[in-house]
Amino acid sequence: MQEKYHPTEIEKAAQNRWESTGAHRASEDAAKPKYYCLSMFPYPSGKLHMGHVRNYTIGDVLSRFHRMKGYNVLQPMGWDAFGLPAENAAMQNHVPPAQWTYDNIAYMKKQLKSLGFALDWERELATCKPDYYKWNQWLFLRMLEKGVAYKKTQVVNWDPVDQTVLANEQVIEGRGWRTGALVEKREIPGYYLAITKYADELLSSLDKLPGWPERVKLMQANWIGKSYGVRFAFPYELDGRKELLWVFTTRADTIMGVTFCAVAAEHPLAARAARDNPQLAAFIDECKHGSVMEADLATMEKKGMPTGIFVEHPLTHEKVEVWVGNYVLMGYGEGAVMAVPAHDERDFGFAKKYGLPIKPVIAIEGEDYSTEAWRESYADKNRGFCVNSGKYDGLAYDAAIDAIATDLKAKELGDKQVQWRLRDWGISRQRYWGCPIPIIHCESCGSVPVPDDQLPVVLPEDCVPDGSGNPLNKREDFLACTCPKCGKPARRETDTMDTFVDSSWYYARYCVGAGTRQANDRMVDDGTGYWMPVDQYIGGIEHAILHLLYSRFWTKVMRDVGLVSYDEPFANLLTQGMVLNHIFSRRTDKGGIEYFAPEEVDLVRDEGGQITGATCKADGRPVDYGGVGTMSKSKRNGVDPQALIEQYGADTARFFMMFASPPEQTLEWSDSGVEGAYRFLRRIWAFGYAARDAIAARPAMPASLAAPLADVRRELHLTLKQANYDLAKMQFNTVASAAMKMLNALEKAPRDAAGWDAVAAEGFAILLRLLAPITPHVCDALWSELGYGDDIFAAAWPEPLAAALEQDEVELVLQVNGKLRGSLRVPAGAPKADIEAAALAHEAAQKYMEGKPAKKIVVVPGRLVNIVA
RNA sequence: GCCGGGGUGGUGAAAUUGGUAGACACAAGGGACUUAAAAUCCCUCGGCCGCAAGGCUGUACGGGUUCGAUUCCCGUCCCCGGCACCA
């Protein structure tokens, strides 16, 4: 055994052995309970970042822990390989996205291996390979057949200078990131997946996911956004025709307070009104500027213009003017809203700005609504009742809506309706590096699906995008084809699929067929497959809505197509917090934005040590400090874990990651603390080395131990008990600190006391097994060096012994009026009356009671006594 | 703006979900060992008062419930994530 801890050597040796014995290859075994542990697969951006290290360490700790607990564990890995960054890199370096991606995969795979993760590499997949994305295309065709996939127009960000569609990420404050040009909205055709058909089930089956965090389920429920309301119409006459202006509202009880209507700029009524109103036409044009992002739309200044068209209130028959409002969205509901300024903040602001009438129609019992108090009354729909509303006066929310909906229905001008916030999933992307949509455009037959036997539609891998649209449009060899229907020359669709499609089903692809390699004659296995669903899914909280919702949707579609028999893909979910770091940026001359890595700047701090700004090391000019934010390639604030691994080894990196913060919390990166983790691992090695002879002798535990040693042993087992509790909660930071406490206890145990060798041997065996999932290499090496066994991961998980935990006396905290005043020792299991008597007799109790009698005595067994005087 | 989460020493955090606030570490300061450095070991470490024993105060801020609140309730401020074309 080596005297010093040499992480590089022992890690290399352990990894080589695991690889040569196939230690992490998983195969079906009916004798053991299965544990499919899956971490979200990475986008191959170049090198691993700290978020990956955190994510995969959590997954590996869980995998190794379950393996020691006797489970048959599968932990696979793959690559979410299509995406925008590859195209950006191509523009910068003139390298095809495919080559860039494959190079990155090779490098990152090496990094993952050097971290010692127990991954089954034989099942590796990459979504940019035709044998994977073929099945995207195949299921898309099934969806077309079922009417789940369909075509309609979509609104996109358009850069008028580059003449290209921009991703939301490429729009910075309403301008194109490369050109600085004001972004415009543009309508183009695209394919949609009807996720709204599954809205009800996606919402209700959240209740069947007890292993998901409440916050994620709540976010999904709010995103799906089921609301009950009333859809109704305002009749009007225009160009001699009778028409209806449909709107939807969740607050039909305020219908008598309507003082105007507002329609989206894209609404047909707006277009009609603009025909002979150049001012309005100009305003509608102005509304086309800006991005399509929800956050931008919600925070922009509310503007409007009257159309001069009046509609008739369906109940009062009053004339109501129609306005065009930039805050009304064509994609939501009807693209038109009723406006009740008295009881809606947005309508209120709009009415104030343009001098429109405000008519309060809801009041709260006992409150004066002659002032603007009625605005408050709106907030709590359960307290208000109708006023100023004719026959509806006095009705509360539910009764008012019932009565109003009934009256509207009688006039055939509306009814109650369930409304979803969820919108259908637009999957068309005008980008090259993605899965081709399997459609052929024929002049006579229109859009024709590619027949199954012509799949996959293979993406050429040698294109280099230049920023001016999709390079596939210049690839005649890709474009030219024949129509499957009529056989005439035709053109291929060049749009590719949203990369969320790729990641919506990869979890099921790792385990198609028996054995370790994927079968290629089918997309996924049916419900008789061994591994699905995933037992534990781990990934960033940033995926709480989109990726997880799309995956749930995709699973349900696969079920309805008859591919699988399970309803939900992920039984348990752990959402890890993000790893954050400082962000530095600077405006470019063109109005774009340029980011700087933390190592490229010098920090400027105030007296309190707070960061106020920074300067660029290269040119000495100031850069803007943008606070902390998620580590991302685009913001250039990632930290490369490679240096960490090379200097200290994988175990130190893993231990530090687990120790620094609980998995679900955000982690603000700092370089300090890593040294401490390394020091701890050195101390473990040193203890093992010093105790090697005692442990190798396999000493038997004496029948009884003297006090100091019995205390050490009790502390070890107590700490183990707590650590096992924390592990079940997946709170790994306190498991790591438990390991540190154990080492502290072992180090301070008196070596000359009888039985020390037995306590040391037992305690160290507990410590090594507890720590093995977190720092597998060093624990594996010590376990075999000290003769505990050949393979620590084949050893049983440690459990605390009742005999070691036994205690005669317990210490209770003594409080007087809730303030800590002392402590008392009582026999374990002492009756309450004895504890009360002992507390009252205590010197400190006498002093702070100041002669007053005890009004009440609270005894919390095993914890405290509180005397209320 | 809307939805979700968070705010505890100089720093990361802990507190068995209403019961000793700051475990375990990092950083800092002091000391031991050493020719020296590294490594290692020991001590101090929320704030205020005090030589000390000890006392008061303290979990973003303001209220409330309770014998007892970091934990529960109401309000305010700040930070992080998501907002449908980043993944």
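These numbers come from the heavy atoms of this one structure, side chains and all, not from hydrogens, waters or symmetry mates. Chain identifiers are assigned alphabetically (A, B, ...) following the order of the sequence lines, protein sequences preceding nucleic acid strands; residue numbering begins at 1 within each chain.
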Residue met sooner reading RNA chain B from 5', once A/Met219 and A/Asp498 are mapped to nucleotides: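 Checking each residue's closest nucleotide, the 5'-ward one belongs to A/Met219.
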
Toward the 5' end of RNA chain B, by each residue's nearest nucleotide, A/Ile541 or A/Asn744: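 Its nucleotide being nearer the 5' end, the pick is A/Asn744.
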
Test ring pair (Phe, Tyr, Trp, His ring centres under 6.0 Å) applied to A/Phe659 - qualifying residues, sequence neighbours left out: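 Counting only residues at least two positions away or on another chain, A/Phe659 forms a ring pair (Phe, Tyr, Trp, His ring centres under 6.0 Å) with A/Phe655.
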
A/His52: ring pair (Phe, Tyr, Trp, His ring centres under 6.0 Å) partners, not counting sequence neighbours: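 With sequence neighbours excluded, A/His52 shows a ring pair (Phe, Tyr, Trp, His ring centres under 6.0 Å) to A/His49, A/Tyr56, given in chain and number order.
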
For B/rU71, the Watson-Crick or wobble partner whose two distances fall under 3.5 Å: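 Per the H-bond distance test, none.
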
Complementary nucleotide for B/rA60 - Watson-Crick or wobble, under 3.5 Å: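 Its partner is B/rU76 (Watson-Crick or G-U wobble, both distances under 3.5 Å).
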
Close aromatic pair by centroid cut-off 6.0 Å: A/Phe656 and A/Tyr648: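 Here the rings of A/Tyr648 and A/Phe656 have centres that are no less than 6.0 Å from each other.
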
Protein-nucleotide distance (A/Phe82, atom CZ; B/rC86, atom C1'), rounded to Å: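 From A/Phe82 CZ to B/rC86 C1': 17 Å.
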
Touch class at under 4.0 angstrom, heavy-atom based, for A/Lys855 against every strand present: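 Answer is nothing: A/Lys855 stays at 4.0 Å or more from every strand.
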
Closest nucleotide among [options] to the [X] side chain:
X        : options                : value
A/Arg421 : B/rU57, B/rA87, B/rA84 : B/rA84
A/Arg679 : B/rG4, B/rC24, B/rC26  : B/rC26
A/Glu169 : B/rG1, B/rC86, B/rC56  : B/rC86

Salt-bridge contact A/Glu715-A/Lys748 (side-chain N to carboxylate O under 4.0 Å):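 So A/Glu715 pairs with A/Lys748 through a salt bridge.
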
Identified ring pair (Phe, Tyr, Trp, His ring centres under 6.0 Å) counterpart of A/Trp505 within the set A/Tyr550, A/Phe41, A/Phe500, A/Tyr132: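 Looking at A/Tyr550, A/Phe41, A/Phe500, A/Tyr132, the match for A/Trp505 under the ring pair (Phe, Tyr, Trp, His ring centres under 6.0 Å) is A/Tyr132.
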
A/Tyr848 vs B/rG55: side-chain N/O to OP1/OP2 distance below 4.0 Å: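 True: A/Tyr848 side-chain N/O within range (under 4.0 Å) of B/rG55 OP1/OP2.
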
Where protein sits on nucleotides 17-23 of chain B, one letter per nucleotide: B base, S sugar-phosphate only, - none, heavy atoms under 4.0 Å: --BB--B

